[in-house]
Amino acid sequence: MKALLWPVFAWIASICLLTATVAASFAVTGPTSITVSLGIALAKAALICWFFMNLRAESGLLRLAAGAAAIWLLIFLALVAADYATRS
C-alpha cells in the first residue's frame, strides 16, 4: 500500500504545481514574475527527479552525480546570462 502512495503524492504535487504556474501567470506581474516562475519550475524539476527518475531509491553516489549535473547547469546558465547582459 505504501508503494502506491508515493506516485499518487507525486501526481497530486505535480497538479498543484501546475495550478500554481497558471495562477502565477495571471496574478504575478512585473520583475518578480520570472523569479516566481523559475521557482515553480525548479520545484517541478526536483519532483520529477526525486520521484519519477527514482533518485530517492538510488545510492548516494548517483544522487551526488545528479546534484553535480544540476550545479553545472546552473553555472552554464549564469554564464550565458552574464554574456547576454554585457552585450550591447
Side-chain angles (χ1 to χ4, degrees):
M1 183 68 181
K2 190 174 184 179
L4 184 64
L5 190 61
W6 285 111
V8 171
F9 169 73
W11 181 77
I12 290 171
S14 296
I15 295 299
C16 289
L17 287 170
L18 174 67
T19 305
T21 301
V22 173
S25 71
F26 288 112
V28 181
T29 59
T32 59
S33 66
I34 189 72
T35 306
V36 171
S37 297
L38 286 175
I40 294 171
L42 182 66
K44 287 180 187 178
L47 184 74
I48 288 170
C49 288
W50 192 251
F51 288 107
F52 297 120
M53 291 176 64
N54 245 359
L55 280 182
R56 64 183 168 89
E58 293 296 334
S59 66
L61 186 61
L62 192 61
R63 289 182 192 176
L64 182 67
I71 289 171
W72 272 111
L73 179 64
L74 289 175
I75 289 171
F76 287 145
L77 288 175
L79 290 172
V80 167
D83 181 48
Y84 182 74
T86 58
R87 291 186 184 241
S88 53

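A continuous path of Ile, Leu, Val, Met, Phe, Trp and Tyr side chains, each step under 4.5 Å between heavy atoms, connects L62 with W50, placing both in one hydrophobic cluster. Both V8 and I15 sit in one connected hydrophobic cluster of ILVMFWY residues. Membership requires side-chain heavy atoms under 4.5 Å apart, directly or through other members. Note on W72: it clusters hydrophobically with L79, by side-chain heavy-atom contacts below 4.5 Å among ILVMFWY residues. There is a path of hydrophobic side-chain contacts, each under 4.5 Å, that joins I71 to F76.
In this structure the side chain of W11 never reaches within 4.5 angstrom of the side chain of C16, judged on heavy atoms. Looking at S37 and T21, their side chains never come closer than 4.5 Å, going by heavy atoms from C-beta outward.
Every residue two or more places apart in sequence or in another chain was checked for a side-chain hydrogen bond (donor to acceptor under 3.5 Å, both in side chains) with S25, and none qualifies.
Remark: N54 CG to C49 SG distance equals 11.5 Å, nearest 0.5 Å. In this structure, OG on S59 lies 9.5 Å from CG on L64, to the nearest 0.5 angstrom. In this structure, L42 CG and L17 CG are separated by 10.5 Å, a value rounded to the nearest 0.5 Å.
Of all heavy-atom pairs between T32 and T29, the closest is OG1-O, 3.6 Å.
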Evaluate side chain to side chain contact (heavy atoms under 4.5 Å, CB included) for F9 paired with S14, printing each intermediate quantity in order. CA-CA 9 Å; F9 169 73; S14 296; over 6 Å; no
